[in-house]
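Every heavy atom of this structure was used, including side-chain atoms; hydrogens, water molecules and symmetry mates were not. Letters A, B, ... mirror the listed sequences (proteins, then strands); counts begin at 1.
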Number of protein chains: 2
Amino acid sequence: MRLIVARCEVLYTGRLRATLPEATRLLILKADGSVLIHADAGGYRPLNWMTPPTVIDEDRERILVRNTRDERLEIRIAEVLSDVTHEMGEATPLEKDGVERELQAELAAQPEVLGPGLRLVRREWATDIGPVDLMCRDDHRWVAVEVKRIATVDAVEQLVRYLERIRLDPGLAECRGILAAQRIRPQARTLAEARGVACVEVDLELLRGTREPELTLFAV
Amino acid sequence: MRLIVARCEVLYTGRLRATLPEATRLLILKADGSVLIHADAGGYRPLNWMTPPTVIDEDRERILVRNTRDERLEIRIAEVLSDVTHEMGEATPLEKDGVERELQAELAAQPEVLGPGLRLVRREWATDIGPVDLMCRDDHRWVAVEVKRIATVDAVEQLVRYLERIRLDPGLAECRGILAAQRIRPQARTLAEARGVACVEVDLELLRGTREPELTLFAV
DNA sequence: TGGTGGATTTCGATC
DNA sequence: GATCGAAGTCCACCA
């Protein structure tokens with residue numbers, strides 16, 4: 001990894017055109033061909049960047065980065081303040097503990113929190129336009145469940161599309177829908193009501209807790 | 001801006017839990033409180049990060065970053081290979097030339113590419129659920145246009161929602177819809193057809209060119 | 001401050 | 001390779 005601190009001007013053309021007037025910035029050239037340009041503020045996203053694969057041409061005044069899709073990042077160097085290279089060794093991947101995925105797993109394990117008597121029939125129930133997250137039953141009807149971390153109107157419409165398809169099957173014509181999410185936006189709630197879809201807000205921490213009662217019972 | 005190259009292990013808890021096993025990485029501590037952890041590969045996105053506002057506690061073995069929403073980034077330092085600070089001065093903002101925005105501007109300037117006789121009435125035509133990108137007319141009817149860079153089924157449904165609202169006005173009851181995009185996904189095209197919405201794929205470079213014909217006529 | 005929609009979204013799974 | 005949905009999405013705009 002090469003780290004350059006330099007006064008520079010930057011021009012990007014590709015999916016859009018963008019220019020950065022001359023200022024001091026950090027340039028990161030990664031081993032895989034990634035090039036990032038960071039200012040000393042502005043959060044986690046670079047001002048400009050180019051993702052691999054790239055070809056990098058460099059001389060004293062300019063670093064030109066190109067990729068295979070006609071995108072072009074030109075860094076015009078006015079003054080180099082620092083230019084160091086570090087060997088970093090191999091990359092170890094990030095391990096994450098789900099989000100929507102985990103929510104879906106918890107709800108699959110305890111569907112009754114979505115409604116009395118609800119039991120799981122299948123996760124990822126296939127329809128011809130894609131899988132519904134959970135297919136369940138209660139004592140009377142089939143229930144299709146769409147799981148989101150944050151549910152917007154899009155989630156409602158996604159579920160409604162699935163329901164349209166599911167109900168084409170005579171045996172599933174009475175299938176109802178539940179939108180389950182950690183958070184349901186007001187517009188989504190309104191649309192869901194209009195479309196006859198039920199909304200359930202669920203608390204992931206709580207779900208985790210109810211599955212391992214011994215952990216919460218003896219917690220201080 | 002402070003740049004630290006160190007062997008370290010990282011733990012994030014907040015919206016999810018994530019761990020990074022010990023390896024050599026670049027730590028960036030920005031003046032505004034942003035903290036980024038980058039590997040020597042993997043494109044423009046940090047492995048872990050924290051966006052401002054943050055509180056940073058540091059000692060020899062550990063950097064602990066917290067924000068106001070119970071998120072927590074703990075960097076356990078095994079060995080510091082480099083630790084430098086650079087003054088970067090104030091940030092000059094990135095100037096960009098649209099994307100969807102520019103596409104919308106080009107189509108507003110030459111709506112006839114969307115259909116014969118089409119003329120612009122208003123950009124950002126207000127409805128009670130948000131603005132339609134372009135409202136036009138041809139010789140017979142009103143035409144609502146939704147502009148996207150890439151159009152998915154969501155774009156079709158967004159336009160259909162607008163049309164529902166627009167047609168409530170008796171003078172606009174006959175309004176038709178056009179989905180205009182650089183690229184229209186097959187599913188979007190299918191749904192658009194089912195919903196009676198027209199699709200037009202447009203080429204931004206071509207639009208730019210047709211507006212400045214002298215540039216293309218005399219190009220080598 | 002919260003909601004909504006765009007992004008050079010990126011990223012991954014799946015077909 | 002194309003497509004579709006999720007993301008610690010982030011981010012800006014607007015009420």
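- Straight-line distance from the CG atom of Asp32(B) to the P atom of dC10(D): 14 Å, rounded to whole Å.
- Across all strands, Arg183(A) comes closer than 4.0 Å only to sugar-phosphate atoms, never to a base (heavy-atom distances).
- If you measure from atom CZ of Arg189(A) to atom C1' of dT4(C), you get 17 Å, rounded to the nearest angstrom.
- Within a 6.0 Å radius of CD in Glu112(B), other residues, nucleotides and ligands contribute more than 12 heavy atoms.
- Place Val153(B) and Gly42(A) on DNA chain D by their nearest nucleotides, and Val153(B) ends up nearer the 5' end.
- Side-chain nitrogen and oxygen atoms of Arg15(A) include at least one within less than 4.0 Å of the OP1 or OP2 phosphate oxygen of dT10(C).
- A straight line from CG of Asp154(B) to P of dG5(C) spans 10 Å, rounded to a whole angstrom.
- Where Arg45(B) and Gln158(B) each meet DNA chain C at their nearest nucleotide, the meeting point lying more 5' is that of Gln158(B).
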Arg123(A)/Asp133(A) under salt bridge (Lys or Arg N to Asp or Glu O under 4.0 Å): CA gap, chis, key distance, verdict: CA-CA 6 Å; Arg123(A) 286 173 73 170; Asp133(A) 290 328; over 6 Å; no
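- Between Ile37(B) atom CD1 and dG8(D) atom P the separation is 14 Å, expressed in whole Å.
- For Glu71(A) and Tyr12(A), the side-chain atoms include at least one donor-acceptor pair closer than 3.5 Å.
- Judged by closest nucleotide on DNA chain C, Thr152(A) is the one of Glu71(A) and Thr152(A) placed further toward the 5' end.
- Contacts of Arg185(A) with the nucleic acid, taken as non-hydrogen atoms under 4.0 Å apart, include base atoms.
- Here Met50(A) lies out of heavy-atom contact (under 4.0 Å) with every strand.
- Atoms OH (Tyr44(B)) and P (dC11(C)) sit 7 Å apart, rounded to a whole Å.
- Atoms CG (Leu103(B)) and P (dG6(C)) sit 12 Å apart, rounded to a whole Å.
- Comparing Gly43(A) and Ala188(B) along DNA chain D, the residue whose closest nucleotide (by nearest heavy atom) sits nearer the 5' end is Ala188(B).
- Annotation: dC14(D) and dT8(C) have their C1' atoms spaced 25 Å apart (nearest Å).
- You'll find that the side chain of Trp49(B) is closest to dC10(D), out of dT8(C), dG6(C), dC10(D).
- With hydrogens and angles left out, the side-chain atoms of Lys148(B) and Gln182(B) include no donor and acceptor closer than 3.5 Å.
- Just one residue in the list Ile4(B), Val10(B), Ile37(B) forms a side-chain contact (heavy atoms from CB on, under 4.5 Å) with Ile63(B), and that residue is Ile4(B).
- Nucleic acid contact class of Tyr12(B) (heavy atoms, under 4.0 Å, all strands): base.
- Rounding to whole angstrom units, NZ of residue Lys148(B) and C1' of dC4(D) are separated by 17 Å.
- Contact check, Gln187(A) against dG3(C): no side-chain N or O comes under 4.0 Å of OP1 or OP2.
- Rounded to a whole Å, the CG atom of Leu20(A) is 13 Å from the C1' atom of dT8(C).
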